[in-house]
Protein chains: 2
Amino acid sequence: MVEDSWVPPSVLLAVDLVILTLRGSRLHLLMVERGIQPYRGDFALPGGFLRDDEEGIVAAAHRELAEEAGLAAGTVHLEQLGVYGEPGRDPRGRVVSVAHLAIAPRLPEPVAGTDAAQAGWWPVDQVLADGFRVAFDHRRIIVDGVEMARAKLEHSSLATAFCASTFTISELQQVYEAVWGVRLDPRNFYRKVHRVEGFIVPEGSSRKPGTGRPAKLFRAGTQVSLYPPIVRSGEPLMSERTLE
Amino acid sequence: MVEDSWVPPSVLLAVDLVILTLRGSRLHLLMVERGIQPYRGDFALPGGFLRDDEEGIVAAAHRELAEEAGLAAGTVHLEQLGVYGEPGRDPRGRVVSVAHLAIAPRLPEPVAGTDAAQAGWWPVDQVLADGFRVAFDHRRIIVDGVEMARAKLEHSSLATAFCASTFTISELQQVYEAVWGVRLDPRNFYRKVHRVEGFIVPEGSSRKPGTGRPAKLFRAGTQVSLYPPIVRSGEPLMSERTLE
DNA sequence: GTAATAGTGTCTATGAGACAATATCCG
DNA sequence: CGGATATTGTCTCATAGACACTATTAC
């Protein structure tokens with residue numbers, strides 16, 4: 001019990017973004033180099049405080065996505081990852097951050113962002129490697145985000161968020177291989193994916209210029225949760241570090 | 001870009017608890033009746049604002065768990081569920097709530113809480129049924145919490161949190177049946193659970209007074225994530241509503 | 001003995017992974 | 001045609017679920 005005069009404490013609310021995408025065959029992450037204290041010179045996740053009292057959390061996440069990564073709302077998958085708000089995580093005061101996981105399709109340009117010229121894509125293994133200086137508790141957030149993506153690949157259609165609006169089966173396979181860090185059998189993967197209800201739907205034939213037989217094209221189906229699931233398996237690749 | 005004089009807005013931070021337990025063979029949830037406006041007379045999740053600027057979020061959740069449910073920290077499983085903080089969810093102002101999922105073992109007493117005499121356990125189906133008045137956006141939080149519990153039963157050892165420190169296989173089975181709302185074959189369940197690495201470890205023999213052959217006792221193993229998983233299946237029980 | 005629950009054995013259909021074989025493009 | 005990738009087929013092994021059966025208690 002507390003006295004009637006007691007008023008609850010207030011905190012600063014921020015959003016942080018773990019933005020994942022595929023570049024080549026490796027999983028990448030957007031990081032921005034901090035130009036001011038604290039953690040000046042270290043790398044941090046894109047993010048920031050709520051603009052004002054009326055701004056929703058989802059809206060703030062989308063705004064940062066646009067400002068710092070140049071990604072429009074319709075382009076990316078966005079979902080909540082968790083809250084990081086223990087006292088002491090930010091030397092500037094009591095800051096509570098709502099971390100989000102964002103998945104972007106393959107992007108040609110390094111970063112089209114406006115706010116942060118110093119933003120750039122980094123291989124996830126490299127960011128998580130020893131010696132890479134990450135600000136605040138963002139290393140933990142990244143680990144949690146990547147693990148969430150890995151887990152959701154099994155039971156949800158999240159993988160299609162890494163692809164363009166239409167894609168081939170082998171492009172989809174590359175997503176699984178990069179995120180899980182495994183190598184999969186293309187033939188078994190092909191049938192496995194086809195067996196899942198409403199995961200992918202045919203979208204005409206391809207005319208990709210690549211060598212070999214042209215692949216059929218598909219787009220994401222309406223189904224969000226996958227049944228049967230795409231179970232994680234296959235042989236893990238050597239070291240997460242030495243991946244090319 | 002914003003002017004230098006701009007300061008970020010601050011919000012009120014709260015924690016809310018979806019506390020699940022088994023009573024009889026049904027999944028129950030702790031709800032408190034609101035004695036003040038807003039939503040006076042409706043039922044809400046246990047929870048409240050942070051006590052002060054120094055209190056951690058996890059600490060606040062444990063404090064509410066003790067105050068409103070009489071549950072000590074060591075007794076219950078607690079984990080973060082999500083953040084609910086869109087503007088307008090609380091008429092008193094900008095309140096951001098960190099929702100938690102808590103799992104309590106079977107409890108003899110209705111509620112041993114101190115703060116809220118009006119707290120009580122309710123069957124989840126009943127709370128979610130039409131006509132049951134739930135305050136704020138707590139219905140959504142409950143739905144999300146129950147779904148999270150259902151999902152985590154497959155891949156984590158969460159089910160053991162519903163049991164006492166030692167338990168029989170059939171008690172563990174009751175957890176799965178109640179949370180999933182399905183009926184499982186005891187013989188297949190028995191072997192399935194035994195196959196999972198480090199899920200359960202033998203703990204002497206039982207001397208339960210029940211009729212029939214006494215069951216062996218087990219306690220939770222150290223393993224948190226289950227492999228192979230306990231896959232959800234079996235025939236759904238009739239209606240969630242008519243469950244006894 | 002019977003009733004009741006605990007625990008074991010066995011069968012079968014299904015599904016995953018290994019891998020051969022075929023198809024369709026480019027040059 | 002050969003090289004490369006896509007797609008289909010087939011085999012085998014593991015396992016999930018159905019269900020008969022045995023074990024151990026209370027009465």
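To find a chain, count down the sequence lines: A is the first, B the second, and so on, and within it residues start at 1. Side-chain atoms are counted along with the backbone in the values below, which use heavy atoms only and exclude waters and symmetry mates.
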Out of [options], which nucleotide sits closest to the side chain of [X]?
X	options	value
Tyr190(A)	dC19(D), dG17(C), dT8(D)	dT8(D)
Pro214(B)	dA16(D), dT25(D), dC25(C)	dT25(D)
Lys192(B)	dC19(C), dG17(D), dG7(C)	dG17(D)
Arg213(B)	dA18(C), dC19(D), dA23(D)	dA23(D)
Arg187(B)	dG3(D), dT5(C), dA20(D)	dA20(D)

Original post:
Does the dA16(D) base have a donor-acceptor partner in the side chain of Arg195(B) within less than 3.5 Å?
Top reply: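 No.
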Original post:
Would you say the base of dG9(C) and the side-chain of Arg191(B) have a donor-acceptor pair closer than 3.5 Å?
Top reply: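 Donor-acceptor pair under 3.5 Å: yes.
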Original post:
Just wondering, do Val193(B) and Gln173(B) contact through their side chains at under 4.5 Å, heavy atoms?
Top reply: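 Not touching, per the 4.5 Å side-chain cut-off.
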Roughly, in whole Å, what's the span from [atom1] in [X] to [atom2] in [N]?
X	N	atom1	atom2	result
Ile230(A)	dG17(C)	CD1	P	10 Å
Ile200(B)	dA6(C)	CD1	C1'	13 Å
Leu184(A)	dC19(C)	CG	P	15 Å
Asn188(B)	dC19(D)	CG	C1'	9 Å
Asp185(B)	dT15(D)	CG	C1'	15 Å
Tyr227(B)	dA14(D)	OH	C1'	11 Å

Original post:
Relative to the 5' end of DNA chain C, which residue comes earlier, Phe218(B) or Gly212(B), by the nucleotide with the nearest heavy atom?
Top reply: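 Counting from the 5' end, the first nearest nucleotide belongs to Gly212(B).
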**OP:** Using a 4.0 Å heavy-atom cut-off across all strands, classify Thr168(A) as base, sugar-phosphate, or nothing.
**Re:**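 Thr168(A): no heavy atom of the nucleic acid under 4.0 Å.
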**OP:** Check the angle between the aromatic planes of His138(A) and Phe136(A) and answer parallel, tilted or perpendicular using the 30° and 60° thresholds.
**Re:**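 His138(A) and Phe136(A): tilted rings.
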**OP:** May I ask you to decide whether Glu79(A) forms a salt bridge with Lys152(A), counting only side-chain N to carboxylate O separations under 4.0 Å?
**Re:**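 Salt bridge flag = yes for Lys152(A) with Glu79(A).
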**OP:** Give a yes/no answer on whether the side chain of Ser170(B) brings an N or O atom under 4.0 Å of OP1 or OP2 in dT5(C).
**Re:**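 No, no such contact exists.
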Subject >> From Glu171(A), Gln174(A), His28(A), residue fulfilling side-chain hydrogen bond (donor to acceptor under 3.5 Å, both in side chains) relative to Arg106(A) >> reply: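 With Arg106(A) as partner, Glu171(A), Gln174(A), His28(A) yield a single side-chain hydrogen bond (donor to acceptor under 3.5 Å, both in side chains), made by Gln174(A).
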Subject >> Which atom of Ile57(B) lies closest to which atom of Gly85(A), heavy atoms considered >> reply: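 In terms of heavy atoms, the two residues are closest at CD1-CA, 3.8 Å.
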Subject >> Nearest-nucleotide comparison on DNA chain D, the residue closer to the 5′ end among Thr211(B) and Pro229(B) >> reply: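 Result of the comparison: Pro229(B).
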